[in-house]
There are 2 protein chains.
Amino acid sequence: MAAAAGVSKTTAVFVLNDRPNFSIPEETRTRVQNAAKLLGYRRNGLAAALSHGKTGSIGIVVNIEAGQQDSELGASYLLGVLLSATQAASAAGLRLTTIAYDVTNPPPPDEVTDNRVDGLLLVGIMDEAFTRAVYGTGFPCVTVGSGYALRRVTADNAAGATQAVEHLISLGHRRIAYASPGLTRADRERRQGWLETMERHGLPSDGLEQDWEPLLEWIESQAPDAPTAVFCRNDSYAALLVPAARRKGIRVPEDLSVVGFDSGIIAEAMELTSVRNPLPELTARAVEMLTGLIAGKEVPELVTLPTKLNVRRSTASLGAAS
Amino acid sequence: MAAAAGVSKTTAVFVLNDRPNFSIPEETRTRVQNAAKLLGYRRNGLAAALSHGKTGSIGIVVNIEAGQQDSELGASYLLGVLLSATQAASAAGLRLTTIAYDVTNPPPPDEVTDNRVDGLLLVGIMDEAFTRAVYGTGFPCVTVGSGYALRRVTADNAAGATQAVEHLISLGHRRIAYASPGLTRADRERRQGWLETMERHGLPSDGLEQDWEPLLEWIESQAPDAPTAVFCRNDSYAALLVPAARRKGIRVPEDLSVVGFDSGIIAEAMELTSVRNPLPELTARAVEMLTGLIAGKEVPELVTLPTKLNVRRSTASLGAAS
DNA sequence: CTGAAAGCGCTAACAG
DNA sequence: CTGTTAGCGCTTTCAG
C-alpha cells in the first residue's frame with residue numbers, strides 16, 4: 001500500500017478518496033499523491049466493494065436468444081432496453097452488468113444473485129421457475145416489461161393497443177387485424193386492448209387475429225372481408241410483414257395500413273406508425289425502484305407507464321390510395 | 001459461514017464448488033448441503049473474486065452520447081456492438097459490464113481500471129487523452145472499431161467502401177457521392193476507399209463528398225452532373241437521407257441508389273443495401289484478445305476483418321426506373 | 001479426508 | 001491530524 005511509501009494508511013485513504021475531511025497538510029497530501037503516482041498505485045475497487053458491501057453496479061439479465069439469429073430485427077426491443085438501461089444506470093451513478101440468460105441453458109439462480117452486483121433487472125425472461133427462484137432468494141430485483149414477477153414496471157400494453165386501433169378506426173378502417181403469435185404476456189395484453197377496442201366500436205374481430213403470413217395471403221386474395229389494416233404485436237413483427245407485403249404487391253400504406261408497437265429504432269428506420277414503448281422512462285423507473293430496494297425501502301409492486309402513438313408513414317385513410 | 005453449521009471450512013468449499021476432489025463421504029456432503037440450504041447460504045462472488053484475483057467479467061466502455069438524442073437511429077452501431085459483445089462475452093463465460101463514457105464528463109481513467117472487471121473493451125471513444133491514459137495504466141484493454149489505440153480490431157473500412165462503390169459502378173452509376181461529415185477515423189478510411197475506387201475507375205470525385213443535406217438539394221435540382229448514387233458513411237446516415245429524399249420526391253432506388261455501411265438492424269428494417277460490418281466476429285475476436293491479454297499472452301496489435309456487401313433494395317441499375 | 005491459519009486490498013471504528 | 005486494529009467472505013497452502 002502506498003502508505004508504506006510515505007506516511008500511513010488512514011491518511012492515504014483520505015487523500016486518495018478525498019473525503020469530507022478538512023485539514024490535511026498540503027505537504028502530507030502531495031507526499032501521498034506522489035508516492036501513489038510513483039508506485040503506480042490504483043485503487044482496487046473490488047476490495048473496496050467487498051469492504052463496504054456495495055458494488056456500485058446492477059445487473060440486467062437478458063434473454064440473449066432473441067438476438068441469436070442472423071437477423072438483429074428480433075432483438076430490437078432488447079437493444080432499446082439495453083441502451084436505455086445503460087443510460088438510466090449511468091445517470092444513477094451505477095454500472096450495468098449484462099448477464100446473459102439462455103433458455104436452453106439458464107444460469108443457476110444462485111449464480112446471478114452472487115453479490116457481484118447490488119441488484120438485478122430482469123428483462124424478457126419467460127421462465128417462471130427461474131424468475132421465482134431469483135425473487136425467492138430475496139436479492140433485490142425488479143423486472144422490466146412483462147414477465148412472471150410481481151415487482152415490475154411495464155408499459156400499459158392494453159391502452160397502447162387501444163391507441164393503435166383507434167387511430168386506425170379514425171382513418172376509416174373497420175377490418176383491423178392483430179398480427180401476433182400470442183406467446184408472451186405483453187402479446188396477450190395488447191391483444192386484449194385490441195379486442196376490447198374493436199368491440200367497443202362494434203367491429204367484428206373474429207378471425208382477425210393471426211400470424212402475419214396467413215394474414216398476408218388473405219389480403220393478397222382480395223377477399224371482400226380481408227383486413228385493410230393490421231396492428232402488429234411489435235415493431236420487429238411489422239418489419240417482417242411490411243417487406244413481405246410489398247413483395248406481394250401490397251402497397252403500404254395505400255393498400256394496407258400497419259402499426260407496430262415499441263416505436264424503437266426499427267420503426268424510425270422504416271417510418272412505421274407505432275405505439276411508443278417508453279423504455280427510457282421504464283428503465284429509469286426500474287433503476288429507481290431497484291436502488292430503493294437496495295436501500296431497504298418499500299417499493300410499489302407494479303408500475304404502469306403510459307404509451308403514446310407515433311404516427312409515421314405506414315398508415316393512411318382507407319381508400320385514399322394516392 | 002455454512003461451515004459453522006456442520007463441519008468446517010475447506011470441506012464446505014469442496015462440496016459447494018464441487019471441486020475435482022474425489023472422496024467426500026456422501027454423508028458429509030449432504031450434511032453441508034443441507035446446512036447451506038437451511039441458512040440460505042449464497043456464495044459471495046465478490047469475496048471470491050477478490051480472493052483469487054479474477055472477477056469473471058470484462059468491461060465495455062461506450063460513448064453513451066451517441067444514443068442520447070430522441071432518436072435511437074444514431075446509436076445503431078452501438079446497439080449492434082453491445083448485443084454482439086454480450087454474446088461474445090457470454091460465450092467466453094464472462095459477464096459484460098457496461099461503463100458509460102460521456103465526452104462532456106469522462107470518467108477518470110483510474111476509475112475504469114479499478115479492477116472491478118478483468119479487462120476493457122473500448123468502443124467509439126474519440127478521446128485520445130482518455131484512451132492513452134487507460135492504455136497507459138497497463139490494464140488489459142483492446143478497442144473495437146476505430147479509435148486512437150494501437151491494439152484494436154476493426155473492419156476493413158477501405159475495402160468495404162470499395163465493395164460499395166464497385167457495386168454501384170457495376171449498376172452503371174458514374175456520379176457516386178460519399179455522404180459524410182468526415183469526423184471519425186472510420187469515416188476517413190471509408191472515404192479513402194471510395195476515393196481510390198473512383199480514381200481507379202477513372203471517375204471524377206470532385207465535389208462529391210458532402211453532407212447529406214446539400215447532396216439532396218443538388219440531386220433535387222436535377223443538375224446534369226448531380227450524383228445518381230450515394231454511399232453513406234453508415235446506416236444511420238442513410239436512415240436520415242432516404243426518408244428526406246423521398247419527401248422531396250426523389251425515389252429510392254429508381255432515381256437514386258444508396259448504400260450504407262454496417263448492415264445492422266436499420267439496414268434490415270429499411271431494406272438498405274449495405275456493407276456488413278462484422279460485429280459478431282469483431283467482438284468475438286476482441287474478447288479473445290482480451291482474455292489472452294489477461295492471461296498474460298502476446299496478442300496482435302491490429303486485427304482487420306473483411307466486410308461484405310449485402311445487396312438489398314436501395315440500389316438499382318442506372319436508368320432502370322421501374 | 002478435514003481443520004487451522006494466512007491473506008486478497010480495502011474500509012471503518014477507535015485510539016493516540 | 002495520523003496510526004492501529006479488526007474485519008468483509010472467500011481461497012489456498014499447509015498440517016493433522
Side-chain angles (χ1 to χ4, degrees), chain A residues 1-36 38-57 108 110-118 137-139 294, chain B residues 1-36 38-57 108 110-118 137-139 294:
Chain A
M1 152 117 246
V7 284
S8 70
K9 217 124 159 200
T10 326
T11 318
V13 173
F14 280 169
V15 10
L16 264 14
N17 293 9
D18 54 21
R19 289 294 199 68
N21 193 325
F22 326 122
S23 49
I24 295 113
E26 255 328 300
E27 191 254 314
T28 315
R29 153 161 294 166
T30 49
R31 187 147 45 99
V32 175
Q33 288 175 331
N34 288 157
L38 211 98
L39 308 200
Y41 172 79
R42 268 178 303 130
R43 191 163 169 281
N44 184 328
L46 213 58
L50 174 60
S51 187
H52 58 35
K54 294 265 142 296
T55 64
S57 63
D110 278 3
E111 195 176 305
V112 311
T113 58
D114 76 353
N115 285 58
R116 276 146 71 192
V117 291
D118 297 334
T137 61
F139 196 74
I294 292 169
Chain B
M1 153 117 244
V7 284
S8 70
K9 216 121 161 203
T10 327
T11 318
V13 174
F14 280 170
V15 10
L16 263 15
N17 293 7
D18 55 20
R19 289 294 198 68
N21 193 324
F22 325 124
S23 49
I24 294 114
E26 253 330 298
E27 192 254 312
T28 315
R29 154 162 294 166
T30 48
R31 187 148 45 99
V32 175
Q33 288 174 332
N34 288 159
L38 210 100
L39 307 202
Y41 172 80
R42 268 179 302 131
R43 192 165 169 283
N44 183 326
L46 212 59
L50 174 60
S51 187
H52 57 35
K54 294 263 143 297
T55 64
S57 63
D110 277 3
E111 195 176 305
V112 311
T113 57
D114 76 354
N115 285 57
R116 276 145 72 190
V117 293
D118 296 334
T137 62
F139 197 74
I294 293 169

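Numbered from 1 within each chain, the chains take letters A, B, ... in sequence-line order.
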Hey, what do you get for CG (B:Asn44) to CG (A:Asn115), rounding to the nearest 0.5 Å? 4.5 Å

Output yes when at least one side-chain N/O atom of B:Arg43 is less than 4.0 Å from OP1 or OP2 of D:dT11, else no. yes

A:Asp110: what forms a side chain to side chain donor-acceptor pair (under 3.5 Å) with it, not counting sequence neighbours? none

Listed nucleotide nearest any side-chain atom of B:Ala48, set D:dT11, C:dT11, C:dG9: D:dT11

Rounded to whole Å, how long is the line connecting atom CG of A:Asp114 with atom C1' of D:dC8? 15 Å

Could you give the distance from OG1 (A:Thr55) to CG (A:Asp118), rounded to the nearest 0.5 Å? 3.0 Å

Starting from P on C:dC10, measure out to CG on B:Leu46 and report it in whole angstrom. 14 Å

Expressed in angstrom and rounded to an integer, what is the separation of A:Glu111 atom CD from D:dC10 atom C1'? 16 Å

A:Asn44 CG to C:dC8 C1', in whole Å, measures 8 Å

Can you check the B:His52 NE2 to D:dT12 C1' distance for me, whole Å? 11 Å

Expressed in angstrom and rounded to an integer, what is the separation of A:Leu50 atom CG from D:dA6 atom P? 18 Å

Salt bridge (Lys or Arg N to Asp or Glu O under 4.0 Å) involving A:Asp114 - partner list, sequence neighbours excluded: A:Arg116

B:Asn115 CG to C:dT11 P, straight-line distance once rounded to whole Å: 13 Å

